[in-house]
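This report concerns only the one structure given below.
Below, chains carry the letters A, B, ... as their sequence lines are ordered, and counting in each starts from 1. Predicted model, so just to flag it, every value in this text is computed and none were measured.
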Protein chains: 4
Amino acid sequence: MEQWIAEMLQLNDSESKMTDKQLKIIEAAVEIFSTKGFAASSTSEIAQKAGVAEGTIFRHYKTKKDLLLSIVTPMMARLIAPFILKDFNKVLNSAYPNYEDFLRALIKNRMEFARHNLPIIKIMLHELPFQNDLNQQFKEHIASKVIHRMKEITDHFQKEGQIIPLPSPVVIRLSVTVLIGFLFARFLLLPELDWDEEQEIEFTIDFIMHGLAPRN
Amino acid sequence: MEQWIAEMLQLNDSESKMTDKQLKIIEAAVEIFSTKGFAASSTSEIAQKAGVAEGTIFRHYKTKKDLLLSIVTPMMARLIAPFILKDFNKVLNSAYPNYEDFLRALIKNRMEFARHNLPIIKIMLHELPFQNDLNQQFKEHIASKVIHRMKEITDHFQKEGQIIPLPSPVVIRLSVTVLIGFLFARFLLLPELDWDEEQEIEFTIDFIMHGLAPRN
Amino acid sequence: MEQWIAEMLQLNDSESKMTDKQLKIIEAAVEIFSTKGFAASSTSEIAQKAGVAEGTIFRHYKTKKDLLLSIVTPMMARLIAPFILKDFNKVLNSAYPNYEDFLRALIKNRMEFARHNLPIIKIMLHELPFQNDLNQQFKEHIASKVIHRMKEITDHFQKEGQIIPLPSPVVIRLSVTVLIGFLFARFLLLPELDWDEEQEIEFTIDFIMHGLAPRN
Amino acid sequence: MEQWIAEMLQLNDSESKMTDKQLKIIEAAVEIFSTKGFAASSTSEIAQKAGVAEGTIFRHYKTKKDLLLSIVTPMMARLIAPFILKDFNKVLNSAYPNYEDFLRALIKNRMEFARHNLPIIKIMLHELPFQNDLNQQFKEHIASKVIHRMKEITDHFQKEGQIIPLPSPVVIRLSVTVLIGFLFARFLLLPELDWDEEQEIEFTIDFIMHGLAPRN
DNA sequence: AATGAATGAGGATTCATTCAT
DNA sequence: CATGAATGAATCCTCATTCAT
């Protein structure tokens with residue numbers, strides 16, 4: 001778990017170098033928050049698991065909540081990374097000649113993302129409903145952007161006649177719903193199953209494509 | 001909120017009379033648990049909101065956890081009520097000549113259920129990952145039954161050639177995913193929107209039906 | 001255990017008839033007080049063990065402390081019963097021609113008493129240091145009487161030259177110490193041992209008699 | 001005789017990495033436990049008397065029970081210190097040519113011990129019957145060792161013909177009973193009396209020696 | 001930067017006692 | 001008489017946070 005956390009945080013905080021202890025604290029916090037929930041986790045347990053004195057946590061993070069935010073906030077950005085890449089439009093026009101390819105790329109990309117960031121994603125899911133600031137941050141900066149981009153894409157493929165001309169919120173909802181449903185089943189609900197991911201992905205995409213195919 | 005709670009608990013405890021205070025406690029607990037999460041809710045706050053001495057809570061529920069279970073456990077049963085109705089088979093064969101009708105009945109039924117039990121459903125969703133006993137209860141008594149029934153239904157309509165002969169777990173996952181995705185969006189993610197439920201339901205069903213239509 | 005408790009309390013409260021429930025309460029209290037100590041015993045546990053509602057205890061005994069006193073106080077009187085029998089002087093002069101016989105009678109009598117009242121004796125021992133009123137009661141009404149009588153007896157046998165003419169407090173202390181030490185070992189310290197009581201008593205008396213024999 | 005004192009103090013010093021506050025806590029706890037009993041003492045009262053926040057107690061002692069044990073357990077060892085000194089055998093053979101001298105040394109030694117540790121001894125006496133772990137600890141590590149040593153000594157002096165050849169448990173019981181009886185009377189039962197300790201000790205030893213003298 | 005002792009407000013829970021039924 | 005629901009003060013204990021070192 002260490003590498004990707006360091007990596008992830010360096011992305012965001014490229015200038016502020018993390019101490020070794022600081023990293024250990026984040027690692028411990030991620031594990032404990034993700035298994036017990038934020039409210040049920042104690043800073044002393046985190047300190048212990050991090051091999052750090054209790055006070056040390058508060059030298060780096062003013063409050064327990066701060067610690068949470070320092071974990072979840074950067075993850076938010078990465079959650080929508082594929083939707084805000086600068087060359088997304090280019091990609092949109094050239095790389096994905098059809099909705100199916102786009103879906104396949106998206107699903108695979110987010111799948112790897114989920115695979116490597118599962119604990120933090122869990123934390124995010126659990127705390128979004130309770131932490132108002134997180135919730136707002138999510139709605140304002142994340143959801144709106146994803147929806148915006150998805151709308152562009154949907155419009156694009158609808159114009160091309162590739163998918164059914166339903167209102168774009170409906171198309172987005174249906175697509176995303178199935179996509180997230182798959183990830184949810186794969187990683188959260190039944191992670192212990194022996195999934196044939198390739199095949200499931202194809203079933204899933206095929207399902208969406210037929211569901212959204214223009215009616216004749 | 002009072003009526004349906006009373007109703008719900010009368011279902012379960014038709015003989016055991018709840019005190020007035022006990023009911024107040026449950027109501028307060030439901031509201032507080034659902035807005036702050038179990039771990040972040042304090043019994044003293046519950047007592048205050050219920051207009052009851054804190055000790056009174058513990059006269060009726062040995063533990064805070066007990067109070068949670070007394071709220072969530074009966075809800076579990078009702079969660080799958082439509083799947084274990086005695087006359088389900090009859091219904092299956094006669095009332096729903098096709099998968100579409102079945103889906104429509106199911107989606108509408110669960111929609112009403114969600115509408116009337118939203119707070120407790122929230123509690124359930126939030127606590128399932130953290131309360132091991134709840135989780136196990138859910139997997140053993142709820143999920144397995146739903147899956148079992150869904151498999152029967154899927155097999156039935158697959159035999160009739162109404163839906164694509166994919167492995168039933170896949171069919172179930174795709175159907176349920178879309179269904180739950182809709183309920184989730186409607187009631188949890190964007191409840192403040194002005195939904196045209198009838199139309200959304202039709203879009204959703206249409207999407208599933210085309211997604212699962214036999215390929216020619 | 002029931003009979004002797006009833007008996008004991010009827011001795012004291014010969015006029016006020018105990019309810020069945022009241023008796024049950026006393027029985028339960030004796031058992032629980034003696035195994036957990038007064039402070040660590042809860043009235044609710046007593047009520048439960050007595051098969052009685054919590055409130056019922058307080059109908060008969062105004063406070064938990066009252067309940068304790070109602071158990072211990074009558075036992076106090078019986079503790080010194082042999083020392084205040086009306087015909088004690090007669091007995092003194094006629095029945096016990098020597099100190100040895102007196103000791104033997106005393107030791108056997110108190111032994112039976114201890115055997116039949118062990119739990120209450122335990123309660124008394126444990127609570128005497130903590131309950132000031134009990135303590136005072138004990139010193140004023142019990143200890144002083146025993147000492148007074150013992151002094152008479154000691155004086156008597158010292159005058160007869162049967163025992164060493166030490167100050168009577170010393171003689172009393174040594175005699176009583178050995179006696180109680182034996183009872184303590186027999187019933188409290190090592191009750192599970194297989195005691196040959198007759199022999200131990202003879203050893204004990206012989207020890208005291210030689211220890212107090214006039215020096216030549 | 002100073003040796004065991006030195007040793008005893010080393011026992012105490014070795015573990016003293018005590019904070020000032022920690023010491024205050026122990027002092028307060030000893031006083032309150034000894035006057036009200038463990039169960040009737042509240043941690044808040046201890047904290048108050050120690051001039052410390054209540055939380056501080058639990059930083060040093062996980063549990064109220066832990067606090068009790070940290071007071072009583074080391075006292076247990078010191079209770080039998082004179083019986084487990086390494087050079088006890090030497091002492092046995094050389095320093096105490098007769099049982100009387102041994103008794104005198106023992107009684108004086110334990111008397112000083114009692115004088116200086118009265119409150120903790122009280123705590124021990126009160127809690128031994130209720131705290132199972134303490135009880136077991138006492139029986140296994142303390143009582144058995146004392147009895148073992150006493151048996152050696154008794155055997156020794158019986159072989160020399162100095163004391164009556166009764167079964168050693170009887171001899172031990174009688175000796176210890178009188179000794180403890182004296183300490184009990186002196187320090188617990190009638191501490192306010194103006195004791196002539198030297199004389200009482202001599203009376204007591206004389207009593208035992210005559211009681212255990214070989215019959216002719 | 002790091003520690004860890006100290007804090008005190010707040011946590012869940014227990015308890016003796018009361019009172020309407 | 002007996003009940004048992006209700007109480008609220010008190011209990012033991014936890015926790016996030018501070019601060020002197």
Expressed in angstrom and rounded to an integer, what is the separation of B:Ile57 atom CD1 from F:dA9 atom P? 16 Å
Just so I know, are the side chains of A:Met75 and A:Ile123 near enough to count as touching, which here means a heavy-atom distance under 4.5 Å? no
Please identify each residue that fulfils side-chain contact (heavy atoms from CB on, under 4.5 Å) with B:Ala40, with sequence neighbours left out. A:Ala39, B:Lys36
Nearest-Å distance for atom pair OH/P, residues A:Tyr61 and E:dA1: 12 Å
Evaluate side-chain contact (heavy atoms from CB on, under 4.5 Å) for A:Lys122 paired with A:Phe33, printing each intermediate quantity in order. CA-CA 9 Å; A:Lys122 277 186 189 171; A:Phe33 284 164; over 6 Å; no
If the condition is side-chain contact (heavy atoms from CB on, under 4.5 Å), which residues does D:Ala50 pass it with, not counting sequence neighbours? D:Lys24, D:Ile25, D:Ala28, D:Val52
For B:Lys36 and E:dG10, what is the distance between atoms NZ and C1' respectively, to the nearest whole Å? 12 Å
Rounding to a whole Å, what distance do you find between D:Gln22:CD and E:dT7:P? 13 Å
Residues which pass side-chain contact (heavy atoms from CB on, under 4.5 Å) with D:Asp66, listed by chain and number, not counting sequence neighbours: D:Tyr61, D:Lys62, D:Thr63
OP1 or OP2 of E:dT18 less than 4.0 angstrom from a side-chain nitrogen or oxygen of C:Lys62, does that happen here? no
Establish, with yes or no, whether the OP1 or OP2 oxygen of E:dA16 is under 4.0 angstrom from a side-chain nitrogen or oxygen of C:Thr63. no
Rounded to whole Å, please give me the gap between NZ in D:Lys24 and P in E:dA6. 11 Å
Grab the CZ-C1' distance between A:Phe58 and E:dA6 for me, whole Å please. 14 Å
Can you tell me if C:Glu127 uses its side chain to pair, donor with acceptor, with the backbone of C:Phe38 under 3.5 Å? yes
Could you tell me the separation between the CD atom of C:Glu54 and the P atom of E:dC15, rounded to a whole number of Å? 10 Å
Can you find a side chain N or O atom of C:His60 that sits less than 4.0 Å from OP1 or OP2 on F:dC1? no
Going by heavy atoms closer than 4.0 Å, what residues in residues 39-53 of chain A are next to DNA chain E? A:Val52, A:Ala53
Starting from C1' on E:dT13, measure out to NZ on D:Lys64 and report it in whole angstrom. 14 Å
Among residues at least two apart in sequence or on other chains, which ones pass side-chain hydrogen bond (donor to acceptor under 3.5 Å, both in side chains) with C:Ser42? C:Ser44
5′-ward residue of the pair A:Lys65/B:Gly55 relative to DNA chain F: B:Gly55
Would a 4.5 Å heavy-atom cut-off, applied to side chains only, mark A:Met76 and A:His141 as touching? no
Of B:Arg59 and D:Asp20, whose nearest nucleotide on DNA chain E comes first from the 5' end? D:Asp20
Under 4.0 angstrom between B:Lys21 side-chain N/O and F:dA6 OP1 or OP2: no
Checking side-chain contact (heavy atoms from CB on, under 4.5 Å) for the pair A:Lys65/A:Gln131: CA distance, chi angles, key distance, verdict? CA-CA 9 Å; A:Lys65 179 80 175 284; A:Gln131 316 293 342; 3.0 Å; yes
When the C1' atoms of the five terminal pairs at each end define the local axes, what inter-axis angle does the helix from E:dA2-F:dT21 to E:dT21-F:dA2 show, to 10 degrees? 10°
